[in-house]
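Worksheet for the structure shown next.
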Amino acid sequence: VHAGDRLVFLPGEAVPFDGVVDGTELFVSEAVLTGEPRPVRKVDGDAIVAGSTVVEGGRLVLGVSRRHDETRLHRIAQSVGETLRQSESRLRSADTIARWFTPAVLGVSVLAWILRLALLGWDHAIGAQGWFPSVAVLAVACPCAFGLAGTAAVTAATGALVRRGILVKEAGQLERLGTIRDVIFDKTGTLTEGMMQVARIAWRGEARQDLLALVRRAEAGSSHPVAQAVRGHLESLGVDAAAGQAGREVPGRGRTLETDEGLLAVGAASLFEDVFKPDDVDASMTTSWFGLDGRAEGCFIITDRIRDDARDAIDRLHARGYGTQILSGDRQEVCD
């Protein structure tokens with residue numbers, strides 16, 4: 001794949017190339033890059049960053065602007081490789097020192113035996129008690145351990161961290177872990193689940209369960225992450241989709257469905273002429289409204305739920321004397 005090529009990506013696929021949107025309109029997730037869990041609308045000419053973009057709603061036609069080996073994602077992979085190469089260079093340095101270290105250790109071991117011979121006599125020196133100090137010197141100061149232990153520890157630690165999604169830019173940073181006093185966390189996908197979930201449904205008045213079946217029918221087939229969260233919540237409540245065709249998409253706003261009761265709309269507040277203010281809703285929450293003929297009857301309150309183990313991890317760090325901070329591309333209200 002070269003600059004100037006056009007590629008097509010379907011919902012759920014990650015984009016491995018830097019480029020621009022070519023003539024389409026869709027929603028993508030950039031949570032890895034920005035920390036914002038809500039999907040981002042992209043139109044013709046908008047930039048796409050490799051490795052941090054996942055297609056959520058619609059089909060992406062990408063005009064490639066850089067080869068894979070020129071993308072930010074590739075530079076991150078190179079950084080990990082450089083860390084491992086630094087470990088190899090440390091191994092060579094250890095081998096250089098070991099050339100002088102090995103004769104020195106052998107000399108100390110022989111000297112220990114000679115001292116036992118001089119002080120305690122031949123009979124003692126040739127016995128097990130006489131050889132024990134010399135063998136102990138060789139075991140404790142083993143040149144093989146000197147040459148391999150440090151590099152093996154760095155390589156093993158780097159690999160273990162990469163498997164847990166933690167990138168180490170320089171092997172020397174591992175040696176400075178003991179001096180850390182503050183830990184800075186990303187939010188989305190680290191302290192939170194990294195996916196949208198419906199916390200509750202707010203109603204204008206009396207709950208209208210009949211509308212929920214219509215909402216699930218309207219959202220059927222949509223790949224938008226909000227629609228997926230709504231469908232998952234309704235499924236958990238045991239709500240079956242009403243019979244009939246799925247709704248049609250209103251780009252950037254939501255979906256609509258023709259019903260016997262009127263035009264059902266699900267999505268942004270701009271789809272309705274008459275909305276209401278749910279209780280306990282703030283800027284950190286995503287809202288998806290639903291109702292008939294321009295009047296909102298209910299609202300799905302959607303959040304990115306905090307991970308179950310996040311609070312325990314923070315408490316353990318505080319107990320050990322570490323300070324904690326959040327560094328996120330999300331809004332301040334969400335981080336608070």
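Residue numbers count from 1 along this sequence.
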(message) Determine whether a donor-acceptor pair (N or O, by modelled atom type, separation under 3.5 Å) exists between the side chain of K42 and the backbone of A47.
(response) yes
(request) Measure from the side-chain N and O atoms of R204 to the backbone N and O of A296, and report whether any donor-acceptor pair falls under 3.5 Å. (result) yes
(message) Given 3.5 Å as the limit, does a donor-acceptor pair link the side chain of E13 with the main chain of L10, or not?
(response) yes
(message) As an exercise, state the distance from CD of Q228 to CE of M196, rounded to the nearest 0.5 Å.
(response) 10.5 Å
(message) Looking at every non-hydrogen atom in both residues, tell me the closest pair between V266 and F272 and how far apart they are.
(response) N-CZ, 4.5 Å
(request) State, yes or no, whether a side-chain contact exists between D186 and L327 at a heavy-atom distance under 4.5 Å. (result) no
(message) Any non-hydrogen side-chain atom of V15 less than 4.5 Å from a side-chain atom of V28?
(response) no
(message) To the nearest 0.5 Å, what is the distance between CD1 on I201 and CG on L234?
(response) 6.0 Å
(request) Taking salt bridge (Lys or Arg N to Asp or Glu O under 4.0 Å) as the test, write out the residues that go with D308, two or more places apart. (result) R305
(request) Indicate yes or no for a side-chain donor-acceptor contact from R67 to the backbone of V1 under 3.5 Å, with no hydrogens or angles considered. (result) no
(request) Give, for atom CD1 of I326 and atom CZ of F185, the distance between the pair rounded to the nearest 0.5 Å. (result) 9.0 Å
(request) Output the distance between atom CG (D293) and atom CG (D274), rounded to the nearest 0.5 Å. (result) 12.0 Å
(request) Check the hydrophobic clustering (I, L, V, M, F, W, Y; side-chain heavy atoms under 4.5 Å; chains of links allowed) and say if L263 and L212 are grouped together. (result) no
(request) Starting at CG of D46, measure out to CG of L60 and round the result to the nearest 0.5 Å. (result) 11.0 Å
(message) Measuring from atom CZ of F290 to atom CZ of R208, what distance do you get when rounded to the nearest 0.5 angstrom?
(response) 9.5 Å
(message) If the condition is side chain to side chain contact (heavy atoms under 4.5 Å, CB included), which residues does L106 pass it with, not counting sequence neighbours?
(response) T102, L138
(request) Indicate yes or no: at least one non-hydrogen side-chain atom of E219 is less than 4.5 angstrom from one of R255. (result) yes
(message) Please determine whether the number of non-hydrogen atoms from other residues, nucleotides or ligands lying under 6.0 Å from atom CD of Q209 exceeds 12.
(response) yes
(message) Taking the ring centre of each residue, are F276 and W203 less than 6.0 Å apart?
(response) no
(message) Restricting to non-hydrogen atoms, name the atom on F17 and the atom on L62 that form the minimum distance, rounded to 0.1 Å.
(response) O-CD2, 3.9 Å
(request) May I ask you to test the I301-V198 pair for a side-chain heavy-atom distance under 4.5 Å? (result) no
